Amino acid sequence: MKWIYGLCDMQSFYASCEVASRPEFAARRKEFDDSTDPPLVVSGDPARRSGIVLAATPTAKEFGVSNAMRLGEAQRLVPGLIVVRPRMGFYLETSVRIQETMRLHFPLQEQFSVDEGFFALPADSPLFPDPIEAARKLQAKIWDTFRIRCRIGLGPNKWVAKMTNAKAKKTPGGIVWWTESDIPTKLHPLRVEEMWGLKRRAETLRREFKADTIGDVARIPVGQLRARFGVWGDVIHRWANGQDISEINPNSYHAPHKGFSHRTTLPRDFYERSEVAVVILELLDEVCYRLRRANQVGRRVGLGLTYERMEGGFWKAKTLSRHTNSPEELYPELLALLDRYWDTRSGVRAVSVAVDMLQFTDALQLSLFDDVPKRKALYATVDKIHERYGETALMRAVSLTKAGQLRDRSAKIGGHYA
């Protein structure tokens, strides 16, 4: 059976949730008139120097406000800017309801992120004789129920749907559909930087292969792409030709994890190694807890630092000799990465820790020198205490120091207050 794939993306999701939930703003809003939104941003806690714009309404963006901009800068651009603190619990609850709405319209549906979802509908089906109209019904339902605007891209596969979704954001009506016959005329003329998913590889394609457009990339022999990018070369070749082999996975959020990571933005710049080390250990404990819950262990550990003013930093990783989910084994490796790559002159504003190259614990290679059963029992007890009484019920002593962030983070969801 031939399918048409769609991607439904909520517009400025966090900001839209806030505007839609406030009667003083909701009553005057119109679905296809972005100017009826107030100039509003969702931002962190300015008092703790975490005032970064997480989301902005279209009206605020018209003044130059953008995501990840410092709140102070946004307020200078828009003197009357409305600032609200994030309510992550509310956003997640709304996300669940919107995803379920998509699923009711298109049973073959896959959540892609908190504010995006893929779906598929059979082509040439009497149930969906007009794909544009089917997408419009979903769009209208989301607006009528949640008062949140969404944009929908349709295409012959998931990747093209992602590309058409980007065009839908700039198209009146917010729905764009490309078929296979549109690939040469609509996809190939786009700049190489517009290829979704490439990131810095687009710069390499322009610099090393002289590829200005996606069509230029499509004409590069796949062998050359494979020689330069490895397995990514095949992916780039398929995407540039409007092809994608991935299918809709309704259980994507229940699939085994490929890696776990955790990140936090600090309330001030940290200059002391001992303070950064405390934060690294707290984040590692969280990552290892999630590994244990998933019955998985990892072989590669990664550390990322973002420097003061949220500028510069690094991300480095190390592959270990064996798999583990033990903080005692992973922590020294993270400190080694810290000592090797941190210049010590730059203040640290954000820290991230990750563990990947996972496998399940039933394949775990035991150490001859560690008492693994005893350590496993210890952490099982710690996990039970945290699950029943909260993660601050039992803490490492270093979390009570000035550098500790655990007590503050425990009151948040996704790094922001619920």
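All figures in this text were calculated on a predicted structure; none of them were measured in a lab.
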TODO: Hey, could you give me the CH2/CE distance between Trp239 and Met195, rounded to the nearest 0.5 Å?
DONE: 7.0 Å

TODO: Using atom types as modelled and distance alone, determine if a side-chain donor or acceptor of Trp232 lies under 3.5 Å from a backbone N or O of Leu198.
DONE: no

- [ ] Answer yes or no: is there a side-chain heavy-atom contact under 4.5 Å between Val287 and Val301?
- [x] no

Open item on the list: Using a strict threshold of under 4.0 Å (side-chain N to carboxylate O), is an ion pair present between Asp216 and Arg219?
Closed with: yes

Open item on the list: Quick check on side-chain contact (heavy atoms from CB on, under 4.5 Å): which of Val19, Val41, Val42 does Tyr14 satisfy it with?
Closed with: Val42

Open item on the list: Please enumerate all residues that pass side-chain contact (heavy atoms from CB on, under 4.5 Å) together with Glu272, with sequence neighbours excluded.
Closed with: Ser274, Glu275

Open item on the list: So, taking the atom named NZ in Lys2 and the one named OG in Ser125, what distance separates them when rounded to the nearest 0.5 Å?
Closed with: 14.0 Å

TODO: Can you spot which of Asn325, Leu330, Leu334 makes a side-chain contact (heavy atoms from CB on, under 4.5 Å) with Val355?
DONE: Leu330

TODO: Locate the shortest heavy-atom distance separating Leu284 from Pro327; write the atom from each residue and the value.
DONE: CD2-O, 3.7 Å

TODO: Show the numbers, then the answer: is there a side-chain contact (heavy atoms from CB on, under 4.5 Å) between Ile52 and Thr265?
DONE: CA-CA 10 Å; Ile52 302 297; Thr265 300; 5.7 Å; no

Task: Distance (rounded to the nearest 0.5 Å) between Thr94 OG1 and Ile148 CD1 - done: 6.0 Å

TODO: Identify whether the distance between the nearest side-chain nitrogen and carboxylate oxygen of Arg191 and Asp212 falls below 4.0 Å.
DONE: no

Task: Donor-acceptor under 3.5 Å (His188 side chain, Ala240 main chain) - done: yes

Open item on the list: I'd like to know if the side chain of Asp343 pairs up with that of Ser346 as donor and acceptor (distance under 3.5 Å, no hydrogens or angles considered).
Closed with: yes

TODO: Working to the nearest 0.5 Å, report the span between OG of Ser43 and CG of Leu81.
DONE: 9.0 Å

- [ ] For side-chain contact (heavy atoms from CB on, under 4.5 Å), just list the numbers for Val351 and Leu303, CA-CA rounded to whole Å, side-chain angles, deciding distance to a tenth of an Å, and then say yes or no.
- [x] CA-CA 8 Å; Val351 181; Leu303 174 68; 4.1 Å; yes

- [ ] Check step by step if side chain to side chain donor-acceptor pair (under 3.5 Å) holds for Ser21 and Arg87.
- [x] CA-CA 12 Å; Ser21 66; Arg87 296 186 288 165; 3.1 Å; yes

Task: Working for side-chain contact (heavy atoms from CB on, under 4.5 Å), residues Ile248 and Trp3 - done: CA-CA 10 Å; Ile248 297 290; Trp3 296 89; over 6 Å; no

Open item on the list: Strictly distance-based, threshold 3.5 Å: is any side-chain N or O of Thr101 a donor or acceptor partner for the main-chain N or O of Ile142?
Closed with: no

Open item on the list: Do Trp315 and Ser352 make a side-chain contact, defined as non-hydrogen atoms from C-beta onward lying under 4.5 Å apart?
Closed with: yes

Task: Nearest non-hydrogen partners of Arg309 and Arg70, listed with the distance - done: CA-NH2, 3.1 Å

- [ ] Determine yes or no for a side-chain-to-main-chain donor-acceptor pair under 3.5 angstrom, with Gln139 supplying the side chain and Gly173 the backbone.
- [x] yes

Task: Val114 side chain reached by Leu92 side chain, heavy atoms, under 4.5 Å - done: yes

Task: Candidates Arg207, Lys199, Arg201 - the one meeting salt bridge (Lys or Arg N to Asp or Glu O under 4.0 Å) with Glu203 - done: Arg207

Open item on the list: Testing the basics here: between Trp143 and Glu31, what is the closest heavy-atom pair and its distance to 0.1 Å?
Closed with: CZ2-N, 3.4 Å

TODO: Please examine the side chains of Val84 and Arg22, heavy atoms only from C-beta on, and report whether any two atoms are closer than 4.5 Å.
DONE: yes

Task: Backbone of Gly347 reached by a side-chain donor or acceptor of Glu308 within 3.5 Å - done: yes

Open item on the list: Can you tell me how far apart CG (Leu358) and CG (Asn295) are? Round to the nearest 0.5 Å.
Closed with: 12.0 Å

Open item on the list: Show the nearest heavy-atom pair for residues Ala135 and Ile152, with the distance to one decimal.
Closed with: O-CD1, 3.3 Å

Task: Which atom of Tyr307 lies closest to which atom of Gly313, heavy atoms considered - done: CD1-N, 3.4 Å

Open item on the list: Side chains of Met102 and Phe106, heavy atoms from C-beta outward: is any pair under 4.5 Å?
Closed with: no

TODO: Measure the CH2-CG distance between Trp177 and Asp130 for me, rounded to the nearest 0.5 Å.
DONE: 7.5 Å

Task: Donor-acceptor contact below 3.5 Å, side chain Glu193 vs main chain Ala202 - done: no

Open item on the list: If the threshold is 4.0 Å, N to carboxylate O, is there a salt bridge linking Lys169 and Glu116?
Closed with: no

Task: Criterion side-chain contact (heavy atoms from CB on, under 4.5 Å) on Phe209 and Gln224, from CA distance to verdict - done: CA-CA 9 Å; Phe209 293 88; Gln224 294 183 24; 4.0 Å; yes

TODO: Indicate yes or no: at least one non-hydrogen side-chain atom of Tyr91 is less than 4.5 angstrom from one of Asp115.
DONE: no

Task: Backbone of Val176 reached by a side-chain donor or acceptor of Arg151 within 3.5 Å - done: no

Open item on the list: Looking at Thr164 and Trp178, would you say the former's side chain and the latter's main chain have a donor-acceptor pair under 3.5 Å?
Closed with: no

Open item on the list: On a heavy-atom basis, which atom in Val222 and which in Gly233 lie closest, and how many Å separate them?
Closed with: CG2-O, 4.4 Å

TODO: Answer yes when Arg103 and Glu100 have at least one side-chain N-carboxylate O distance shorter than 4.0 Å, and no when they do not.
DONE: yes

- [ ] Using atom types as modelled and distance alone, determine if a side-chain donor or acceptor of Asn165 lies under 3.5 Å from a backbone N or O of Ala161.
- [x] no

Task: Any Glu282 side-chain heavy atom under 4.5 Å of Glu286 side chain - done: no

Open item on the list: Counting C-beta onward and ignoring hydrogens, is there a side-chain heavy-atom pair between Pro172 and Phe32 closer than 4.5 Å?
Closed with: no

- [ ] Output yes when Asp356 and Arg300 qualify as a salt bridge under the 4.0 Å nitrogen-oxygen rule, no when they do not.
- [x] yes

Task: Backbone of Phe260 reached by a side-chain donor or acceptor of Arg290 within 3.5 Å - done: no

Open item on the list: Under 3.5 Å, is there a donor on one side chain and an acceptor on the other for Glu110 and Tyr5?
Closed with: no

Counting only pairs under 3.5 Å, give me each side-chain donor-acceptor contact of residues 58-68, with atom names and distances, residues two or more places apart or in other chains.
from: Thr59; atom 1: OG1; to: Asp34; atom 2: O; distance (Å): 3.4
from: Thr59; atom 1: OG1; to: Asp37; atom 2: O; distance (Å): 2.6
from: Lys61; atom 1: NZ; to: Ser12; atom 2: OG; distance (Å): 3.3

